Amino acid sequence: MKIRYFAWVRERVGVEAEEIELPAGVATLADLAAFLARRGENYAHAFENPRVVRAAIDRVHARPEAPIAGAREIAFFPPMTGG
Amino acid sequence: MKIRYFAWVRERVGVEAEEIELPAGVATLADLAAFLARRGENYAHAFENPRVVRAAIDRVHARPEAPIAGAREIAFFPPMTGG
Amino acid sequence: MFTVRIQSAPFDAACEAAALSDGRQDVGALVTFTGLCRADDAAPEAGGRLVALTLEHYPGMAEEEIARHVEEARRRWPLMGATVIHRHGRIVPGEPIVLVVTASAHRGAAFAAAEFLMDWLKTSAPFWKQEEREAATGWVDAKAADDDAAGRWDPLP
Amino acid sequence: MFTVRIQSAPFDAACEAAALSDGRQDVGALVTFTGLCRADDAAPEAGGRLVALTLEHYPGMAEEEIARHVEEARRRWPLMGATVIHRHGRIVPGEPIVLVVTASAHRGAAFAAAEFLMDWLKTSAPFWKQEEREAATGWVDAKAADDDAAGRWDPLP
């Protein structure tokens, strides 16, 4: 599964995108964020306040409880500030 | 006093503007409209439904009960349809 | 910059909008409204296809009345500029009739002021449209919907 | 004509607006919103004067998310055209960032659709602004006011 990061989430994680293998038990976006947060200090920093990190599944905004099975691309990013 | 007419009020009256001498007892816009309506068939036609004829005193919208003493220019016209 | 113009010539909406923001760094939101003459196909018994509108206006009062509403808009919202241009004379379908441009730091003020000005233009600017149709000519009736739109702006104290 | 573009180059608002009405006789109302980068003077301890914004975006999703809201606007209002352009990359004060143009027969629909699109662009289009100030660089925080503005549009059934 491809994971992408944007803005300060990207800066903190230190990469723009990566491929990861989902371990068993990681079923939702919230599970995935918690799993990533345990991968190192950079990830822990990026996900230190999971309430402010937003996510998209296959380029569509999704809530933390959304299931991720079958997704090709998941992205994490701060609240949007375009316009 | 100068009286101006616009749109179908002008067409019915038959003139764009005229100078009139106010007779005693003509104190408000409504009085003036009633006075004009008695000046001939063309005026009677223009003012046949006084509710739909709007007016301005010295280029400011005014209601039928507005006093006209001291006005230099009074205009009568249909509801506006600009924009 | 606050400008009101009544003219028979067409206007250049782009140029007017640019004039409110060019060379400035404090304008964050620019709203441009252009009202155009639409072709409209009435039934033959109602006169048929619209050929042109002819707009009559009250010279002097038209500028003053619009300027009063521009002042009112400035009391209500923090505007950095506004331009209102209203044409008179004969206008054919596809041509622009009216332009309102508002400039502000933020979009809320710019949108609200542009709508406020348009709503008041429709109901209080002394202009009257005469329709020239294939088979008839007549004055356009005022719309209750326009009175309702203008009525939604509560008077300021 | 319905168009969504994400680009780093500046856009010509006038040209984009004209493209929605030129040669047509059914458009009665054309609303153009341009959002510009404002110079803003923060206190020195907050970084000082804004030098530039750099907009990062999520390629692919940005277009798709905006296109979804254009579709939603079309479900809500009878639009004849809409154009949304959002820039990315480095933008200095005075330059345009975002353009929304809406065309409809009547002004109510054109104004409402333009405001709807702008409100949603602010809160859901995947763009992030980084501020480059004289003495600091940092990411812009999302504004609660923008969430409120987007929240005023009730979902359609």
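To find a chain, count down the sequence lines: A is the first, B the second, and so on, and within it residues start at 1. All values derive from a computational prediction rather than experimental measurement.
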Counting only heavy atoms closer than 4.5 Å, note whether C:P96 contacts chain B via side chain, backbone, both or neither.
-> neither
More than 12 heavy atoms from other groups under 6.0 Å of CZ on B:R63 = no
CD of B:E65: more than 12 outside heavy atoms within 6.0 angstrom?
-> yes
Side chain proximity check, B:R54 to C:S124, heavy atoms < 4.5 angstrom = no
Would you name the heavy atoms of B:G82 and C:K129 that are closest together and state the gap between them?
-> O-NZ, 3.4 Å
Spacing of CE belonging to B:M80 relative to CD belonging to C:E65, to within rounding of 0.5 Å = 7.0 Å
What option among C:R87, C:M118, C:M61 has the most heavy-atom pairs under 4.5 Å with chain B?
-> C:M61
Relative to chain B, which segment of C:H57 carries a heavy atom at a distance below 4.5 Å: side chain, backbone, both, or neither?
-> backbone
Contact class of C:D146 relative to chain B, heavy atoms under 4.5 angstrom = neither
Take atom CZ of B:R72 as the centre, draw a 6.0 Å sphere, and report whether it contains more than 12 heavy atoms from other residues, nucleotides or ligands.
-> no
To the nearest 0.5 Å, tell me how far B:F6 CZ sits from C:F127 CZ.
-> 11.0 Å
When the 4.5 angstrom heavy-atom criterion is applied to C:R68 and chain B, the contacting part is side chain
Heavy-atom nearest pair, C:W128 first then B:P78, reads NE1-O, 2.8 Å
Using non-hydrogen atoms and a 4.5 Å limit, figure out which bit of B:A7 sits close to chain C: side chain, backbone, both or neither.
-> both
Please report the shortest heavy-atom distance between C:E56 and B:Y5, naming the atom on each side.
-> OE2-O, 4.4 Å
Of the backbone (N, CA, C, O) and the side chain (C-beta and beyond), which part of B:V60 lies under 4.5 Å from a heavy atom of chain C, both, or neither?
-> both
Among C:D141, C:V140, C:D147, single out the residue with the greatest number of heavy-atom pairs under 4.5 Å to chain B.
-> C:V140
